[in-house]
Amino acid sequence: MTMSVPQKRKHMLSVDFKQRSGSSKRHKEHGHSHQHKKPRYVDAPDEEQSPRKSATELNGTTPQKLVNGYKVPKPHGHNNLNRINGVGESSRSKNFRSNSSTDLQLQEQRKQLPIAKGRDALVAEIGKHDVTVLLGETGSGKTTQVPQYLLENGVAGKGMIAVTQPRRVAATSLADRVSKEQGASVGDIVGYSVRFDEKYTSGTRIKYMTDGMIVRELMSDPLLSKYSVVIVDEAHERTLRTDLLIANLKTIQKKRNSTLDPKGKGNADKMNPLKVIIMSATLDAEKFSKFFHNAKIIYVKGRQHPVTIYHSSESQVDYVDAAMRTFFQVHVDQPPGDVLIFLPGEYEPHFIRVPELKNALGQEDIESLEKSITFFAKRLPADKMDVLILPMYASQSAHKNTKVFESAPSNTRKCILATNVAETSITIPGVKYVIDTGKCKEKQYLARDSGGGFDTLLTRDITKSSAMQRAGRAGREGKGVCFRLYTEQAFESMKRTAEPEILRCSLTSSILQLKCIGQNMEELDLMDKPDIDAIYSALKTLWLLGAIDKEQKLTSTGRRMASFPTEPHLSRSILASSEHNCTKEILTIVSILSSSSKLFLDISDQREAASDSRRKFRHPSGDHMTILNTFRSYEEVSKSESKSQRKEWCKKHFINEKCLIEGKKIREQLIDVCKKVGLDPNSSCGENEDPVIKSLGYGLVGNSAFLQPDGSYKQTMGHSIVKIHPGSCMVNEKVPAIIYDELVYTNQIYARGVSAIPRSFFLKHAALSQRQA
DNA sequence: CGCGAGGGC
């Protein structure tokens with residue numbers, strides 16, 4: 001404790017932040033160059049101009065300079081758009097906190113939302129047009145209010161209003177909030193529908209749902225006839241499912257909204273027209289509008305506290321080190337308020353940052369930053385606040401993540417080290433300062449014409465829209481500050497928005513789904529069309545799985561596969577399991593593989609202890625049977641032990657209970673689907689692993705590799721040398737042939753989820769494929 | 001002797 005701040009100086013040079021350049025550039029930040037049709041205001045013109053707040057002078061000796069204030073996001077440059085104004089204070093978009101408000105207070109809050117002032121004009125505009133693009137800033141209230149306005153004003157007719165969301169939590173919590181505003185319980189007037197969970201009745205008029213859910217509904221109701229309005233929220237995120245939905249909405253409208261069908265006869269569906277509302281953040285409205293034949297764009301002002309933005313004056317090569325130094329600049333000089341640091345990932349090969357910790361440190365981002373900050377925080381003068389460091393990433397155990405939401409003791413400053421989860425999925429209360437490294441990890445699927453392909457996971461620069469979103473996280477509860485560890489120039493050269501997911505992921509699953517409603521992806525009117533090679537690669541995979549025939553027609557196998565909510569190769573394994581009497585076992589393995597979290601968590605400094613402990617569940621045939629063993633042991637423990645003992649057991653064995661709990665839910669769902677398609681979910685092979693491996697083989701036939709004379713593995717389809725992933729229990733094994741769940745390209749091409757399979761399996765399978773074709 | 005964004009059915 002005798003070592004004081006100078007300690008900081010010794011090792012840390014301050015990061016120099018630079019003043020933003022003039023307001024013209026800030027207009028650019030908004031990313032707009034609209035030449036939109038009719039400049040017209042729906043309500044009174046907005047008086048508010050660029051908020052030029054003089055930010056608080058930073059104390060102390062840090063060389064930071066002060067800059068123009070900055071509101072995120074800003075409506076500048078939108079004069080040519082229709083605009084609905086609003087006033088008021090404090091609103092949160094999707095994470096609602098207390099529900100102690102009385103009905104009256106709720107109604108009052110509704111009226112105070114920025115969007116409320118323009119209600120009549122908004123309803124009128126939406127009533128007039130088949131498609132409306134609603135540009136809404138954070139905090140405008142559009143997602144909660146627009147559906148209610150349409151319902152209350154009779155715009156929805158007799159049908160339901162669907163509001164789609166990319167994330168489950170958003171759908172359920174929105175339904176919760178809007179139900180309260182309607183003075184009803186969830187599932188009555190307002191309901192929701194997400195995987196594993198739905199609450200709605202025949203009387204439900206507003207349904208919040210995930211985009212994946214409505215895409216699946218397309219398979220049973222291709223015209224979405226239950227709905228009179230579909231509101232696509234967060235459309236700018238351009239998830240695969242949102243893009244598929246938007247393409248279908250366009251064709252559905254052609255059928256439902258025209259008075260004459262293509263044959264010139266009266267169209268029966270015209271009695272049931274469909275209204276579409278696209279809700280998006282500000283950057284991509286024009287594109288949505290063009291896609292829907294220049295649909296009306298309406299702008300809704302939001303409400304967000306001002307966030308002052310600093311850019312570093314030089315680019316930071318070692319952004320983790322820069323993040324640490326910036327944190328201490330904030331901690332020493334700035335008033336209380338929690339700090340949120342955005343990093344690309346938990347781990348990243350990097351520099352050794354603290355010489356004293358050279359041996360203790362791995363080469364990781366979140367983990368090493370945690371240690372570095374702890375190291376220096378201990379050496380601060382006693383009058384400084386304590387520092388509580390909290391890592392936050394989705395794959396981390398749920399328990400650890402909850403600590404992030406708890407408020408820290410009064411003399412403690414929370415410092416949250418987060419990945420992209422904190423950008424959209426979760427909102428952390430108390431954050432006043434954001435430190436943005438400008439980096440994120442992004443998965444990109446590289447399709448191969450041999451069928452299949454592999455994922456790459458690379459650290460990249462974020463987009464402008466992402467940078468704005470991150471900065472906005474500092475202004476949720478009051479004025480905030482965002483420190484960007486990149487120059488203003490670097491910001492300007494960032495891409496505006498991310499590539500749509502449809503251009504970056506495997507299309508196998510979507511193409512199969514589309515086949516079920518008689519559509520071919522290459523003919524679909526999509527906002528962005530995927531590369532034709534990516535489509536061929538997926539078709540080849542589907543053919544290999546027996547889901548389509550040589551003429552690319554859906555087979556009965558394909559139709560049955562599509563009824564499972566799993567990746568096609570796993571669906572195929574389930575079907576195969578019924579012929580090998582091991583559906584029970586395969587369902588368990590597939591459930592765990594389909595879970596969003598990992599079964600085995602890796603903590604770098606305990607990695608060896610973890611793998612030792614797991615050895616108990618290890619099966620010589622590989623990772624798939626190991627999963628089965630682990631699940632079985634957990635079930636055994638669950639029979640006799642309490643919830644907390646179960647938890648303890650998982651912790652002791654370095655098992656992620658989150659994965660098991662979700663896996664069990666998925667398993668239940670898969671059992672239901674099995675019953676529907678006539679598979680016996682209880683057929684079991686007992687302890688014999690052969691049938692299990694064979695069944696997996698039918699699904700993973702494209703994901704296989706043979707051992708080469710030199711000891712490496714080479715793909716059976718494709719030409720790449722693949723290495724067994726270090727996390728696999730097969731990592732040091734040399735077997736004649738392997739199957740694997742997926743390939744990930746990082747430094748090399750790694751096969752994850754590996755099991756040994758007899759070479760002879762492939763000969764038999766090839767013969768089978770020939771016969772099918 | 002490496003690996004390691006975030007979502008969804």
Side-chain angles (χ1 to χ4, degrees), chain A residues 164-171 193-198 209-219 234 237-245 342-350 362-368 391-396 418-426 437 439-444 455-460 462 466 469 498 501 504-505 509-510 512-513 516 561-568 570-571 594-598 600-604 607-608 610-611 662 665-666 669-670 673 723-728 731-732 743-753:
Chain A
T164 71
Q165 295 290 326
R167 284 167 291 278
R168 298 160 45 94
V169 270
S193 174
V194 300
R195 188 181 187 184
F196 308 130
D197 195 11
E198 52 182 33
M209 57 207 295
T210 45
D211 50 11
M213 211 60 182
I214 199 164
V215 167
R216 195 148 271 268
E217 270 186 26
L218 277 171
M219 286 166 66
E234 313 284 10
E237 289 190 24
R238 303 292 306 276
T239 69
L240 173 62
R241 292 157 298 279
T242 293
D243 273 15
L244 292 176
L245 174 62
F342 283 101
L343 292 151
E346 186 187 2
Y347 304 106
E348 181 71 19
H350 227 286
Q363 302 190 315
E364 298 89 13
D365 270 6
I366 288 184
E367 211 172 312
S368 83
M392 169 93 220
Y393 37 93
S395 60
Q396 184 175 252
T419 59
N420 261 351
V421 260
E423 196 178 298
T424 46
S425 308
I426 58 145
T437 58
K439 303 282 175 188
C440 70
K441 273 197 178 149
E442 200 174 66
K443 207 173 191 174
Q444 174 131 22
D455 284 316
T456 59
L457 192 61
L458 299 168
T459 303
R460 306 177 132 209
I462 58 170
S466 195
Q469 180 74 25
E501 193 186 4
R504 302 184 346 240
C505 69
S509 186
S510 308
L512 179 60
Q513 272 190 331
C516 290
M561 279 167 60
S563 38
F564 287 92
T566 42
E567 293 294 316
L570 297 178
S571 310
S594 305
S595 170
S596 57
S597 41
K598 282 178 199 145
F600 301 118
L601 288 179
D602 257 346
I603 311 138
S604 69
R607 193 162 283 160
E608 277 184 29
S611 57
E662 191 186 337
K665 267 193 196 165
I666 296 173
Q669 190 191 13
L670 296 181
V673 180
K723 255 190 122 169
I724 297 179
H725 193 284
S728 166
V731 64
N732 294 320
L743 290 182
V744 182
Y745 179 75
T746 47
N747 294 319
Q748 298 179 71
I749 302 175
Y750 289 102
R752 279 214 288 226

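Convention: sequence-line order gives letters A, B, ...; per-chain numbering from 1. As a basis for the values below, the full set of heavy atoms in this structure was taken, side chains included, without hydrogen atoms, waters or symmetry mates.
Listed nucleotides: B/dG6, B/dC9, B/dG2. Nearest to the side chain of A/Val731: B/dG2. You'll find that the side chain of A/Asn420 is closest to B/dG6, out of B/dG2, B/dG8, B/dG6. For A/Pro726, whose side chain is taken as the heavy atoms from C-beta onward, the closest listed nucleotide among B/dG2, B/dA5, B/dG8 is B/dG2. When distances are taken from the side chain of A/Tyr750 to each of B/dA5, B/dG2, B/dC9, the shortest belongs to B/dG2. Relative to the side chain of A/Val421, the nucleotides B/dC3, B/dG7, B/dC9 differ in distance, and B/dG7 lies closest. For A/Arg168, counting side-chain heavy atoms from C-beta on, the closest listed nucleotide (B/dG7, B/dG8, B/dA5) is B/dG8. Of the candidates B/dG2, B/dG6, B/dC9, B/dG6 carries the atom nearest the A/Lys443 side chain, counting heavy atoms from C-beta on.
A sub-4.0 Å separation between OP1 or OP2 of B/dG6 and a side-chain N or O of A/Thr419 is present.
Atom-to-atom, CG of A/Asp243 to C1' of B/dG8 comes out at 14 Å; the value is rounded to the nearest Å. Across the protein-nucleic acid pair, A/Asp197 atom CG and B/dC9 atom P stand 10 Å apart, rounded to whole Å. One atom, CG of A/Leu245, and another, P of B/dG7, lie 21 Å apart when rounded to the nearest Å. Here the C1' atom of nucleotide B/dG2 and the CZ atom of A/Arg752 are 13 Å apart, to the nearest Å. Between the CD1 atom of A/Ile462 and the P atom of B/dG6 there is a distance of 16 Å, given to the nearest Å. Rounded to whole Å, atom P of B/dC9 lies 14 Å from atom CG of A/Leu244. Between A/Leu743 atom CG and B/dC3 atom P there is a gap of 15 Å when expressed in whole angstrom units. In this entry the distance linking CD of A/Gln469 with C1' of B/dG6 reads 13 Å, nearest Å.
Using a 3.5 Å distance cut-off with no hydrogens or angles, the side chains of A/Thr424 and A/Gln469 do not pair a donor with an acceptor. Between the side chains of A/Ser466 and A/Glu423, at least one donor N or O sits under 3.5 Å from an acceptor N or O.
Side-chain atoms of A/Ser509 never come within 3.5 Å of backbone atoms of A/Pro568 as a donor-acceptor pair (strictly under, hydrogens ignored).
When each of A/Glu567 and A/Cys440 is assigned the nucleotide of DNA chain B bearing its nearest heavy atom, the one mapping closer to the 5' terminus is A/Cys440. For A/Pro166 and A/Val744, each mapped to the nucleotide of DNA chain B holding its nearest heavy atom, the one lying further toward the 5' end belongs to A/Val744.
Using a 4.0 Å heavy-atom distance criterion, A/Glu237 is classed as making no nucleic acid contact. Among the protein residues, A/Thr210 comes within range of the sugar-phosphate backbone only, with heavy atoms under 4.0 Å from sugar or phosphate atoms but none that close to a base. At the heavy-atom level, A/Arg241 lies under 4.0 Å from base atoms of the strands shown.
Taking the side chain to side chain donor-acceptor pair (under 3.5 Å) definition, one finds that A/Glu237 meets it with A/Arg167, sequence neighbours left out. Partners of A/Lys439 according to the salt bridge (Lys or Arg N to Asp or Glu O under 4.0 Å) rule, which considers only residues two or more places apart in sequence or in another chain, are A/Asp461.
Annotation: side chain of A/Arg241 is in contact with side chain of A/Glu501 (closest heavy-atom distance under 4.5 Å).
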